[in-house]
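Residue numbers start from 1 in every chain, and the chains themselves are labelled A, B, ... in the order their sequence lines are given, proteins ahead of strands. If you're wondering where the values come from, they're calculated on a predicted model, not measured in any experiment.
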Amino acid sequence: MTAQAPAEGMVVGSNLERVLRAGHFAVCGEMGPPQSCSAQAVLNKVSLFKGNVDAVNLTDNQTAIVRMSSIAAAKLILDEGLEPIIQMTVRDRNRIGLQSDLLGAAALGIRNVLCLSGDHMSFGNHGSAKAVYDIDSVQLVNTVHRMREESLLICGDGTPPKPRKPDAPWNNVPTPLFVGAASNPFGDPLEFRVVRLAKKIAAGADFIQTQAIYDLPRFERFMAMVRDRGLHEKVFIMAGVLPVKSPRALTYMRDDVPGMSIPEELVKRMEGAEDKEEEGIAMCVEIIERVRAIEGVRGVHIMPPMWEKVIPEIVSRAGLLPRPTFEGEPA
Amino acid sequence: MAEIPRAAVIGAGPAGLAAALKLADGGLRVLLLDAEDRLGGSPFEFGCKATDRCANCYACLTLQQIRDVQTHESIEVVTAARVTDLTGPPDGRVLHIGDRQEPVSGVIVATGYRLAEVETARPDYGLSAVPGVGTALELEKRFRSGSLGDSPPRTLAFVQCAGSRDSAIGRDYCSRVCCTYALRLARAIHHRIPEIEMTLFYQDLTPAGAGFDALVAECESIMALRRGLPAKVYQEPGGARPIVCRADTLTGRISEEPYDEVALSVGLWAREDPELESVLGLAKDEHGFYEGSSQHRVLLAGACRGPMSIGEASEDGRVAAAELLRRVGTTVRGAVAIIGEDEHAEAVARREGFEPVRARAMSGVAGAFIAETDEAAVPVVGGIFVGRRADAEEEPLPPHVRSLYSKSGYGKAQSARRVAILLDFWAPYSRIAHEKALELAASRTGEKQRTWILCRHAFTGEQGLEALMTQVRESGTAIIHLPEAPEVESGLLTYVDPGMGKRQELKVDLIVAAPSLGPTSGQLLDLDAHHLNGRARLGAAHPTETPVEELQPPSNPHLGLSGTPREGIHVIGWLRDPGTSREAARRAEAAALADLATPRQGGRAEVDPAKCAICLTCIRACPHSAPVAVYDEEREKDVSFIQPEACVSCGLCVSLCPASAISHSSHSDESIARNLEELHAE
Amino acid sequence: MIVADRKPLDEILEMVGDANRILVSACNTCVTVCLAGGRREAAILASQIRIHAQEAGRTVEVRENCLERHCDPEFLAELAGELEWADVMVSTACGVGVNLASEVYPSARIIPGLNTSFFGATDAPGRWLEMCGGCGDCVLHRTGGICPIVRCAKSILNGPCGGSQDGKCEVDPDTPCAWQEIIDRLALQGRSAELEAVEPVKDWGTSHSGGRRRRIVDEVFQAEGEGEA
Amino acid sequence: MLSKDTVAFLCANGGQLLDAAYPEVLGDAVRVPIPCASRLDVVHVLRAVEQGARRVLVVACPAGNCRSMVGPDEAERRLHRAAALLREAGSHAQCILARAAANAPEDLRSTLAASLEDAANQIEEAPA
């Protein structure tokens with residue numbers, strides 16, 4: 001499928017942005033960089049995503065476990081022709097480090113960034129690390145937005161192309177990044193989740209990826225509140241889905257992952273299934289079909305933990321193939 | 001003070017010991033006499049019946065009282081003493097103790113009781129004749145020495161009322177303490193030797209004080225409690241075990257069951273001492289208990305007046321002592337706050353020489369109490385929180401049921417033809433309800449009138465109630481025991497007869513029942529600006545207002561039957577143990593007052609304001625609310641101050657203070673360090 | 001107040017090393033109130049040091065004292081004589097006290113007996129909770145009196161994060177989520193709308209990031225030399 | 001049989017009375033009278049060990065039988081802390097809390113017997 005990219009409102013012209021602005025139902029995948037410097041480990045997975053998704057999230061030291069930098073991993077897949085979305089948490093870098101990495105990522109051709117608080121370091125393998133949390137995720141969204149729209153850093157300085165010379169006129173260079181933020185429709189308190197989403201939009205978020213959705217009624221309530229405030233027209237909301245291959249994975253998320261809501265009938269359904277992997281895929285496809293029908297949901301974000309090989313099947317069974325392609329270079 | 005002759009106390013059991021201490025603390029010199037060659041009276045024989053918790057039997061307090069009289073400089077103890085005469089004019093009485101002649105200002109008789117002669121009174125119980133039959137006291141001694149545990153019986157039966165509640169032998173009164181004694185002993189035995197299967201045979205379970213319901217419930221889960229006393233206990237033919245033969249009062253069936261051991265709960269009989277009775281002019285009731293004396297300033301205390309528990313006897317001793325002190329005129333009294341409505345309490349307060357102040361709340365700590373009346377704030381020496389009046393607001397009863405306590409309910413019930421009186425179904429058991437029901441039944445003498453009393457328990461603990469119960473039974477009132485409340489409709493009661501197991505219907509014209517009575521609405525407030533000459537800043541240990549329900553004091557022998565953790569605050573009546581309207585309840589009020597008039601003895605905790613960091617640790621930790629924050633003008637800062645009257649000198653704050661700013665006058669760090677030096681003294 | 005915790009004895013003993021004359025110096029201010037380093041705790045530590053030496057077959061001499069405050073040089077003057085005698089001083093004051101005592105007595109070996117933890121308040125007898133991060137730029141008026149800097153594990157100014165569940169923090173299910181508390185508190189005060197505004201990035205320059213902080217009251221402070229002028 | 005290396009802190013309303021009536025139970029232990037178990041001071045326990053005690057015994061009242069309400073519980077908490085402090089300091093002194101009313105020597109005896117047996121077991125288990 002080839003489509004003409006609508007130029008209207010386009011800010012950076014990343015593949016993801018073009019898909020969304022063209023009104024397609026977008027599909028993102030997610031990849032955890034390796035706990036080593038193995039580039040091969042990253043490259044091995046590229047084929048699973050290519051042609052099946054519009055962009056791939058590269059996690060930033062997910063669950064506070066040290067992994068290859070998301071920017072480096074992003075560059076590796078970018079070179080293979082796969083579009084990355086770098087995740088960026090405020091846990092490990094202060095405003096200097098964050099802005100420096102944003103400039104660097106954009107320089108490498110990365111065009112999408114997802115701003116996060118990050119899992120607390122007490123969950124990871126360096127529990128005794130010093131927390132940074134200089135700015136929070138909402139402020140990071142605004143930082144990226146400002147670097148792109150106003151070519152300004154947090155401190156108010158511009159981003160000139162060359163080192164500053166006294167009295168020399170220059171034009172600041174904007175940092176072209178399509179900025180996203182996360183939203184958890186299942187965190188407490190529910191009403192405030194929508195307020196916080198609004199704050200992220202006000203801060204400049206272009207797209208939203210949600211926490212993995214299992215509890216559809218609650219997600220529907222959330223989306224209704226989103227629509228009541230007209231937020232779905234101000235931001236591209238992509239629903240998170242997470243396929244599982246065992247009931248244990250569900251109960252683990254229910255009991256041990258903060259901010260998750262897992263209906264009991266799904267656990268029972270997985271427990272009763274003969275082919276658990278097949279059931280997990282079927283369940284995921286069903287959820288994609290359900291969320292796609294909800295007004296205001298503009299795409300889906302598939303995050304199979306350590307199970308990337310299932311992506312092609314899910315995307316295909318959910319009727320999301322082929323993915324749109326665009327002629328010409330991004331604007 | 002030296003001119004006042006000594007007061008004599010005859011009998012050094014709990015009543016006599018308590019009386020002696022009270023008199024001595026009140027400023028009199030005391031001569032404490034006992035016929036035995038040791039102090040302690042009957043409770044000296046009893047052991048501790050605690051499980052994981054204190055059983056509240058008060059027996060251990062006797063040792064404390066003995067220590068206190070022996071170390072009190074105003075008390076002389078004479079054992080193996082025999083009172084032979086009381087001579088002289090009213091203002092110059094002389095007590096003769098053998099050859100010794102001692103001028104006395106007054107005499108308190110506290111000679112206690114004796115155990116029933118079961119061998120002769122109830123030979124059919126086989127005591128001293130059938131192997132395996134003994135008294136509960138003997139059983140307790142074997143339990144304490146460990147010999148019971150070394151070779152425990154498989155089955156053990158307690159038999160209540162051996163020698164009491166038995167008109168055939170002229171003892172138609174309840175000994176009041178034996179049910180609680182046997183149940184506590186059984187619970188203690190179960191705690192240590194759970195494999196013994198125990199059964200207790202009783203007529204009615206007689207409560208003694210707060211917590212009885214809980215004790216019964218606990219015992220029901222560890223042993224069999226069976227209504228109906230044995231007719232006899234005899235030796236197994238060809239065997240060695242005692243056989244308990246009885247007719248079950250619920251089912252009417254006769255059973256003969258062997259037990260490895262049978263323990264008889266021996267009743268309390270009046271002591272007989274013709275010489276003493278004649279010397280002191282003691283009048284006796286029909287059962288031989290003392291009722292009064294014809295002599296000037298001869299007062300009675302404890303179980304010589306009738307069966308009572310150790311705790312009651314101690315309180316009774318204090319009341320008698322307070323009375324004697326008042327007559328001798330040595331005590332300083334003050335105003336006392338009465339919180340909750342009770343004319344009796346006020347009358348008793350006046351009788352005891354206090355000025356009652358009817359208050360809605362009180363605040364402060366001992367030594368600095370303020371009673372809040374509708375008009376003013378009045379300083380008082382203490383506070384008595386009483387239960388509410390019986391005709392005050394009540395907890396709701398089921399429809400069609402009138403309150404036994406309301407004037408209209410009671411009045412209608414007097415004239416109606418067929419009346420059912422329901423006792424402890426919608427309210428915990430109370431002796432006052434029982435008394436009222438019996439009075440109501442006894443007043444219904446009309447020819448066509450019929451009365452049924454339905455209850456879970458029927459008790460006869462109070463003297464006089466036994467006879468009343470017999471009277472109403474004989475005049476045709478049916479007393480029906482049910483494990484749970486009957487179904488109630490208008491004029492109709494339906495229940496399952498526990499004997500026949502069949503549903504029964506009872507048609508009546510009126511149903512009255514005892515409702516549960518809510519507490520009085522008084523409050524104990526915290527310190528405010530009135531206190532400690534306006535210096536008090538905060539007393540943080542308690543919320544600013546303590547509703548009286550929350551003042552429910554824990555059962556604790558050291559607090560007596562009315563005391564609370566806060567010195568000077570007593571809780572009595574409905575809030576504590578709903579007794580009858582008879583004398584015992586009045587004496588509990590008097591005992592509470594008696595405690596207020598005596599300055600507390602013992603050491604003190606004291607704060608060094610220079611070291612105090614006003615960290616509030618002591619204020620928060622003290623269970624007696626003795627420490628308060630006050631403004632120290634010299635240092636221009638808040639410091640902790642321990643109100644001496646409120647302090648019980650336990651030393652808790654001394655050992656907690658992080659600034660080591662609190663010292664203890666009798667147990668200082670230095671004196672404890674000296675004790676520890678003994679470690680080197682090889 | 002400053003809330004602190006006794007260091008494990010092993011750590012203290014390692015710092016004390018083979019010193020024979022040991023002074024344990026307590027502080028009668030915050031650390032007394034939080035039951036970490038007052039007279040009593042100093043006496044306990046001294047006793048432990050003696051018992052440990054005894055078990056090891058050594059003899060040490062331990063003295064104890066308590067100053068009103070370790071954070072004022074005038075009170076520290078009391079230590080002069082004792083420090084002449086002592087090989088080492090274990091301070092059961094907070095870190096402030098250890099700093100100042102070391103500055104006043106630069107040649108003395110002064111070691112910390114406590115780990116200084118936080119600025120907190122008594123929540124219940126025997127429990128203290130951190131309440132303030134001392135960031136130098138207070139925002140409590142905007143957060144209903146609840147400090148997001150120390151009460152939120154991620155110091156989020158636009159909270160809560162996605163891990164807040166049932167009012168609890170994702171880091172510790174026993175800890176309330178500060179942002180849930182802020183939301184509830186502002187709702188109680190009818191100020192929920194205020195939370196819609198994006199809180200801008202914080203200036204940490206007033207906090208520890210700015211290096212050693214100082215506070216001067218001109219009215220009282222006299223710079224060196226000024227006094228004589 | 002307790003010897004002089006045992007220090008017994010005795011509450012005035014329980015332990016002291018028990019000891020007066022049944023002195024054989026505590027044998028030669030060094031008696032330290034305290035007004036209530038809540039006067040038990042961690043510092044005093046440590047001092048006792050400093051002075052050579054190998055065993056510290058506190059005789060407190062049974063639950064619900066304390067004149068000051070909280071003495072036995074307070075004593076238990078403090079003795080617990082003292083035991084931890086002693087272990088931290090490398091001492092093997094034993095800390096025992098007995099709850100016995102004044103008229104319950106058998107309760108004190110059985111607590112002591114159990115504790116002494118525990119101590120004996122610990123010594124046996126410890127490497128030579």
Can you tell me which of [options] forms the most heavy-atom pairs within a distance under 4.5 Å of chain D?
options	result
B:V654, B:T62, B:N56	B:V654
B:C653, B:A673, B:G651	B:G651
B:L656, B:N675, B:D68, B:L652	B:L652
B:R144, B:R674, B:H664	B:R144

Quiz prompt | Salt bridge flag under 4.0 Å for residues B:E678 and D:R31 | solution = no
Quiz item: Is a salt bridge present between B:D669 and D:R47, judged by a nitrogen-to-oxygen distance below 4.0 Å?
Solution: no
Roughly how far apart are [X] [atom1] and [Y] [atom2], rounded to 0.5 Å?
X	Y	atom1	atom2	result
B:S655	D:E74	OG	CD	9.0 Å
D:L17	B:R67	CG	CZ	4.5 Å
B:N556	D:M69	CG	CE	4.5 Å

Between [X] and [Y], what is the shortest heavy-atom contact and its length?
X	Y	result
D:F9	B:I672	CE2-CG2, 4.4 Å
B:R53	D:G64	NH2-CA, 3.2 Å
B:L679	D:A48	CD1-O, 3.5 Å
B:S668	D:R39	C-NH2, 3.7 Å

Quiz item: Is chain D contacted by the side chain of B:A50, its backbone, both, or neither, given a heavy-atom distance below 4.5 Å?
Solution: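 For B:A50, the side chain is the part near chain D, not the backbone.
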Quiz item: Which atoms of B:F46 come close to chain D, meaning under 4.5 Å heavy atom to heavy atom: side chain ones, backbone ones, both, or neither?
Solution: backbone
Practice problem: Would you indicate whether D:H92, at its atom NE2, is surrounded by more than 12 heavy atoms from other residues, nucleotides or ligands within a distance under 6.0 Å? | Solution: no
Quiz prompt | Heavy atoms from other residues, nucleotides or ligands near CZ of B:R142 exceed 12 (cutoff 6.0 Å) | solution =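 Check passes, neighbour count above 12.
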Practice problem: Report yes or no: does B:H558 contribute a side-chain atom to a donor-acceptor pair with the main-chain N or O of D:N65 at less than 3.5 Å? | Solution: yes
Practice problem: Say whether, by atom type as modelled, one donor and one acceptor occur between the side chain of D:R67 and the main chain of B:C650 under 3.5 angstrom. | Solution: no
Relative to chain B, which segment of [X] carries a heavy atom at a distance below 4.5 Å: side chain, backbone, both, or neither?
X	answer
D:L18	neither
D:P72	neither
D:A75	neither
D:Q51	both

Quiz item: Given the options D:P33, D:A20, D:A104, which has more heavy-atom pairs under 4.5 Å with chain B than any of the others?
Solution: D:P33
Self-check item: Selection from D:R78, D:Q16, D:R99, D:E50 maximising heavy-atom pairs under 4.5 Å formed with chain B
Solution: D:R78
